[in-house]
Amino acid sequence: MSEIADRETKWQARWKEAGLGRAHREEGRPKYFIVFAYPGSSGFQHLGHMRGFTYADALARFHRMQGARVLFPGGTHASGLPSVTFAAKVEHGDPDTLQGLKGLGLNEEGIARLTSPEEAARFLGETYWQAWERFGLLMDRGAYLTTIDPDYRQFIRWQFARLEQGGYLVQKPYYAPFCPRSGPVSVDPSETDLSRGGSAEIITYTALPFTLDDGRVLLAATLRPETVYGATNVWLPPDGSLEEWKVQGRTYLASPAGVAKLLEQQGGERGGQVPIASLLGSTARAPLTGERLPLIASQLVNPAVGTGVVMSVPGHAPADWVAIGELPAADAERLRGATRTIIDVPSAGLAPSEQELLKGEGAPAGRAIANIGVQGLGDKVRLQEATERVYLLEFSHGVLSVGPFAGHPVARARTEVAQQAMATEGAVEIREFSEPVVCRCGETVIIRRIPDQWFLGYGSMDWKRETREAARRMHFEPREYGTELEKILDWFDDRPAMRQGKWLGTPFPRDPRWIIEPIADSTFYPAYYVVRRYVSDGRVSVDQLTEAFFDYVFLGRGAGEPSVDLTLLREIRQEFEYWYPLDLNLGGKEHKRVHFPVFLYNHVALLPPEKRPLGIFVHWWLTSYTGEKISKKDVKGGQLPPVDEALTLWGADAIRLYYAIGASPSQDIQWDREACAASGDRVEETLRQITALPPTPAAPIEKGALVAHVDRWFATRVVGLLQRVRESFEGYDLRTASQGAFVELPALIRRYRARGGDHPELLGAVADLWVRLIAPITPHIAEEAYRVRGGKGFVSVAGYPRGTELPAFPDSLERERVVEGVEEDVAALLKVWKKAPAKLRVFVAAPWKYHADARLRERLADGPLNIGRYMQEAKIDPALQPHMGDLPKFLQEVRNTGLSGLPPLLSPGDELATLQESATYLARRLEVPSVEVWTEDEGAPHDPANRRGRSRPGKPALALE
RNA sequence: GCUGGCGUAGCCAAGUCUGGUCAACGGCAACGGACUCAAGAUCCGUUCUCGCAGGAGUUCCCAGGUUCAAAUCCUGGCGCCAGCACCA
């Protein structure tokens, strides 16, 4: 093990031994309760996962050092599919998974155990916890949980009982993926249940009824029901049969595949076969318009898609347009002149590519065909493009121009037409996957209607309104997320809260066939962390976690669980009252639209306003380098290293600093190995420097102890820096805070020393503050340095610098600025001054200029400078009168810069004294053998170019020789 | 399309809400120097252009506009990213 790893494990062990992570309530003392959105137990963690956890720890540490009692718990989310997937990978012998497990030191037997999803979840959870410890996270192990623990399940049962009681659960029909052989399945990209089709979406068609003369009804499935006003005919497959579907006393016709879907989704029963040939040549009455349309066969129609019957809208559907063009003469005759344009797209405001699409005359579909150059029905790629573009364009910009909904935008008319067709014409919805979905068992997955699905009623206006109000009182980081969340709440709708299938989770108490869905069981859990500590140390048993228990602890309602000792019960209630509300919930940007909204909703449903969360912190991701076109030599970071490897290479402190200083949290960081390594160097250098500084003085530095300008200046700058760092932490700005602690402070010390500063007590005091300053970000080296410097206890619980620890001398900053100005100016001069200078003369402005300057500031404060008036006044000012000739030039220079362009105002004596005191420094620094400081009106040495005349208060003139 | 975000010097990335202190923090990289037998680390300097006196010019995706003043505000355009639901 490396020296770094040894150091880090040593301190982690000591923190654990001292119990620093354990939360202790102390009434009357401020508290800070922070959680991160617990990770799903899906596999091995990498550096990307650790970014947010580190932020949470840095904030928790900062507040702990500020004197707050901190509750910083963590857990893992084992519900749902991830652990099931992982266990399946173990079972199937997935090479990456097995290699990872062996890397963690598991033997065959240990690995075999992980084929159980529960075991896998617990195991993964432990590896996460270990990673958190190794990153230096100071958390309360007593609160650690996984969501499949029996006590957690008790908690979830209580939560859902309360939600149901409060009317937050609703039951209504739902359409879900279903395997006829294996039962409910999940269609998601991990394809745990599937052998193909994980990225399929469920598409909802409207099946419009077209009535034949004999009363039977053809169902034509469409995604664009509003185009019924432009329908010219009905397409049927070229051969085969349709099938009857009988429902509610009516008989519909659709393809056999279509009928199969309808039976699953709508019920009813199958009827007889109807040969398509028997239908061709007749007509059907269209819904809503009542027009009679011819039935025509076409290759266009795929009986497997939708209902196998399609209404033809050649004006707006490129495929229909092309199909009609390719019809035999007899069929074409029946349609002549029927193509219509029923959607207008105003050309104003269209993107050039959209304008291009609609160039020309005639129906939009025909124009798109011509402009894209579709060659015929066989030209599938271009036909597809034309279809998609017309569809999108008309959906987003089109306005319906005929019928009762004329004038309505297509996006709106579409639902209006569908609603009306369903209400008055007997239209039905039919759903199918966007691509074939096949179960692991080999069976094709279908969509089945579940009549009594449980939802969380997030669409409810009352609940939504109260949640929005709660959000308005919260703090969001970044602030933009607050406005975004309001928008999200606007469209947030009921969500299925349970499912039937093979998932990990808690059965719904009222009906255990339902397993509570993973998003739904991870909304109110911060509250349970408080209780969990009493379960893990055995003071409360699982069977004591009754509804009465939780009612009392969380809501203060009822007498509580009688089997729990009353004193203990009261204590737990007090704990909850102490820690709640939650100060901060921190999570990655993937949680913006799902977890954070429901987290808030549930707190609103269950708790009174004063107990609702106070803040949400969203961080972006650490991304791996994905560019492909750049040659390998240029590839910066490459893949994200696994946690173990990264810790061995650089150590936790280095990575923590890298996270904190690399970018602001609301920005993806692209992994940069070299930058991470460099931050490791910085960490080690910081440790070296702090330990090399003089010892911490026994007593605070008194104001009187600092006499020299550099000492005063240094102390003042440090004070400002400490304040800024603390404020940055309070404002969640970890980047600025780290920059101050790791970049600016060492730079300040360097300059202080370069300026000749060497006040041992002052440096010692600063070193002690520095150790504390860095502790939230790099706790291990902070402890190390703290101990080496003789600190007592742990710096992790020492006080955080506030900026009141050192005396400050505001005027010293202005003095120093004069010196800095001279440095900058000389550096600029030397750039163009080719020779090596032998001597630098510095001329401080003559006293009358200070007088003129003071007057100038008064005038500028009133508005733009009136030079004429100023001169009038100067004439009668005895101090300025002798210098009337020089005044205009003096004034001219400030005329354009205004007040803000003026350097700080010092007294002439202060400026002169500061520069004299700094002459040696300037000589060394600027590599000029001799530096002399004069005043402008002092007896002049050699000054042929009359440089001295340039001098202004705060900005002395310079002469190089 | 909807919702949100982004476009800053070789690369990463602050600054934009609250216009001036911004040729624009910080990091990486590169170059020069100090130190070293050497390497690494560390320290100093340089990295838009021009300039033999502290200056000037041109920049913050593009084009306009507001303003004494714009990376920052407004309008329009171009380009890119994420999410869009049952998936954690």
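Every chain is numbered from 1, with letters handed out A, B, ... down the list of sequences. Note that the structure is a prediction, hence the values are computed from the model and not measured. Every heavy atom of this structure was used, including side-chain atoms; hydrogens, water molecules and symmetry mates were not.
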**Study point:** Sugar-phosphate only, base, or nothing, as touched by A:Asp490 at under 4.0 Å among non-hydrogen atoms
**Key:** nothing

Practice item. Could you tell me the separation between the CZ atom of A:Arg724 and the C1' atom of B:rA14, rounded to a whole number of Å? Key: 13 Å

Check your understanding: What's the CD-C1' distance between A:Gln667 and B:rA82, to the nearest Å?
Key -> 13 Å

**Study point:** Ring-face cation contact, A:Tyr391 with A:Arg414, 6.0 Å cut, 45° max
**Key:** yes

Review point. Which one, B:rA53, B:rC28, B:rC86, comes nearest to the side chain of A:Arg495?
Key: B:rC86

Exercise for review: Give a yes/no on whether any side-chain N or O of A:Lys592 is located under 4.0 angstrom from OP1 or OP2 of B:rG4.
Suggested key: no

Check your understanding: Within the distance-only criterion (no hydrogens, no angle test), does the side chain of A:Ser41 pair as donor or acceptor with the backbone N or O of A:His77 below 3.5 angstrom?
Key -> yes

Check your understanding: Hey, which of A:Ser83, A:Ser186, A:Pro518 is the one that makes side chain to side chain contact (heavy atoms under 4.5 Å, CB included) with A:Trp503?
Key -> A:Ser186

Practice item. With heavy atoms under 4.0 Å as the rule, sort A:Val826 into base, sugar-phosphate or nothing. Key: nothing

**Study point:** Nearest-angstrom distance from the residue atom CZ of A:Arg51 to P of B:rA13
**Key:** 10 Å

Exercise for review: Using heavy atoms to find the nearest nucleotide of RNA chain B for A:Ile519 and A:Asp825 separately, return the residue whose nucleotide is more 5′.
Suggested key: A:Asp825

Review point. Quick one: which of B:rA88, B:rG4, B:rC12 gets closest to the side chain of A:Gln670?
Key: B:rC12

Study note, to complete from the structure: Picking from B:rG54, B:rG1, B:rC86, the nucleotide nearest the side-chain atoms of A:Arg499 would be B:rC86

Check your understanding: How far does the C1' atom of B:rG64 sit from the matching atom of B:rC78, given to the nearest Å?
Key -> 15 Å

Check your understanding: At under 4.0 Å between heavy atoms, what does A:Ser664 touch on the DNA or RNA strands: base, sugar-phosphate, or nothing?
Key -> sugar-phosphate

Check your understanding: Once you round it to whole Å, what is the distance between P of B:rC87 and NZ of A:Lys589?
Key -> 22 Å

Exercise for review: Identify the nucleotide, in any strand shown, that forms a Watson-Crick or G-U wobble pair with B:rC50, with both distances under 3.5 Å; if there is none, say none.
Suggested key: B:rG55

Review point. Would you say A:Asp668's side chain and A:Trp620's backbone share a donor-acceptor pair under 3.5 angstrom?
Key: no

Check your understanding: Roughly how far apart, to the nearest Å, are B:rC25 and B:rU42 at atom C1'?
Key -> 23 Å

Check your understanding: Should B:rG45 form a Watson-Crick or G-U wobble pair with both distances under 3.5 Å, which nucleotide is its partner?
Key -> B:rC31

Exercise for review: Name all residues meeting the side chain to side chain contact (heavy atoms under 4.5 Å, CB included) criterion together with A:Glu816; count only those two or more places apart in sequence or in a different chain, and write none if there are none.
Suggested key: A:His709, A:Trp713, A:Arg751, A:Arg755, A:Val819, A:Glu820

Check your understanding: If you draw the axis of the six-membered ring of A:Phe455, does the NZ or CZ of A:Lys172 fall within 45° of it and under 6.0 Å from the ring centre?
Key -> yes

Check your understanding: A:Arg656 side chain to A:Ile777 main-chain N or O, any donor-acceptor pair under 3.5 Å?
Key -> yes

Study note, to complete from the structure: Under a 3.5 Å limit on both distances, the Watson-Crick or wobble mate of B:rU75 is B:rA63

**Study point:** Sugar-phosphate, base or nothing in reach of A:Tyr174, heavy atoms under 4.0 Å
**Key:** base

Exercise for review: Considering only atom P, compute the distance from B:rC87 to B:rG27 and round it to an integer number of Å.
Suggested key: 47 Å

Review point. In terms of the nearest nucleotide of RNA chain B, which residue is placed more toward the 5' end: A:Arg947 or A:Val743?
Key: A:Val743

**Study point:** Closest listed nucleotide, where the reference is the side chain of A:Arg682 and the choices are B:rG27, B:rC43, B:rC12
**Key:** B:rG27

Check your understanding: Closer than 4.0 Å, any side-chain N/O of A:Ser186 to the OP1 or OP2 of B:rC87?
Key -> yes

Interface polar pairs with nucleotides 45-50 of chain B, N/O, under 3.5 angstrom:
from, atom 1, to, atom 2, distance (Å)
B:rG45, OP1, A:Arg925, NH2, 3.0

Point to revise | Sugar-phosphate, base or nothing in reach of A:Pro496, heavy atoms under 4.0 Å | key: base

Review point. Got a donor-acceptor contact below 3.5 angstrom from the A:Arg682 side chain to the A:Phe742 backbone?
Key: yes

**Study point:** Whole-Å distance separating the CZ atom of A:Arg755 from the C1' atom of B:rC43
**Key:** 19 Å

Check your understanding: Between the main-chain N or O of A:Ala754 and the side-chain N or O of A:Arg924, is there a donor-acceptor pair closer than 3.5 Å?
Key -> yes

**Study point:** Integer angstrom distance from the P of B:rG10 to that of B:rC61
**Key:** 13 Å

Review point. Reckon A:Leu960 touches a base, only the sugar-phosphate, or nothing at all at heavy-atom distances under 4.0 Å?
Key: base

Check your understanding: Which whole-number value in Å describes the distance from A:His77 NE2 to B:rC87 C1'?
Key -> 12 Å

Point to revise | Check: A:Asp452 main-chain N/O paired with A:Gln171 side-chain donor or acceptor under 3.5 Å | key: yes

Review point. What's the closest nucleotide to the A:Arg950 side chain, out of B:rG54, B:rA14, B:rA88?
Key: B:rG54

Practice item. Provide, to the nearest angstrom, the distance between the NZ atom belonging to A:Lys487 and the C1' atom belonging to B:rA82. Key: 17 Å

**Study point:** Main-chain N/O of A:Ala200 paired to A:Ser434 side chain as donor or acceptor, under 3.5 Å
**Key:** no

Exercise for review: Describe the nucleic acid contact of A:His591 in one word from base, sugar-phosphate, nothing, applying a heavy-atom distance below 4.0 Å.
Suggested key: nothing

Review point. Whom does B:rA13 pair with, Watson-Crick or G-U wobble, provided both distances fall under 3.5 Å?
Key: none

Check your understanding: Are the side chain of A:Lys464 and the backbone of A:Leu489 linked by a donor-acceptor contact shorter than 3.5 Å?
Key -> yes

Point to revise | P gap between B:rG15 and B:rG5, integer Å | key: 15 Å

Check your understanding: When you compare B:rG55 with B:rC60, how far apart are their C1' atoms, in angstrom units rounded to a whole number?
Key -> 23 Å

Revision key, fill the gap. note: A:Arg688, atom CZ; B:rC43, atom P; distance rounded to Å ~ 9 Å

Review point. Does any N or O in the side chain of A:Arg717 come within less than 3.5 Å of the main-chain N or O of A:Tyr752, such that one atom is a donor and the other an acceptor?
Key: no

Check your understanding: When we call it a touch if two heavy atoms are under 4.0 Å apart, what does A:Pro746 touch: a base, just sugar-phosphate, or nothing?
Key -> nothing

Exercise for review: Using a heavy-atom cut-off of under 4.0 Å over every strand shown, decide if A:Thr736 touches base, sugar-phosphate, or nothing.
Suggested key: nothing

Review point. Say you pick atom C1' in B:rC81 and the same atom in B:rG57; how far apart are they, in whole Å?
Key: 36 Å

Nucleotides 22-25 of chain B: which of its N/O atoms have a protein N/O under 3.5 Å away?
from, atom 1, to, atom 2, distance (Å)
B:rC25, O2, A:Gln739, OE1, 3.1
B:rC25, O2, A:Gln739, NE2, 3.2

Review point. Across all strands shown, which nucleotide pairs with B:rA82 by Watson-Crick or G-U wobble geometry, both distances under 3.5 Å?
Key: B:rU3

Check your understanding: B:rC48 and B:rU8: how far apart are their C1' atoms, nearest whole angstrom?
Key -> 13 Å

**Study point:** Selection from B:rA88, B:rC43, B:rC28 that lies nearest to any side-chain heavy atom of A:Ala675
**Key:** B:rC28

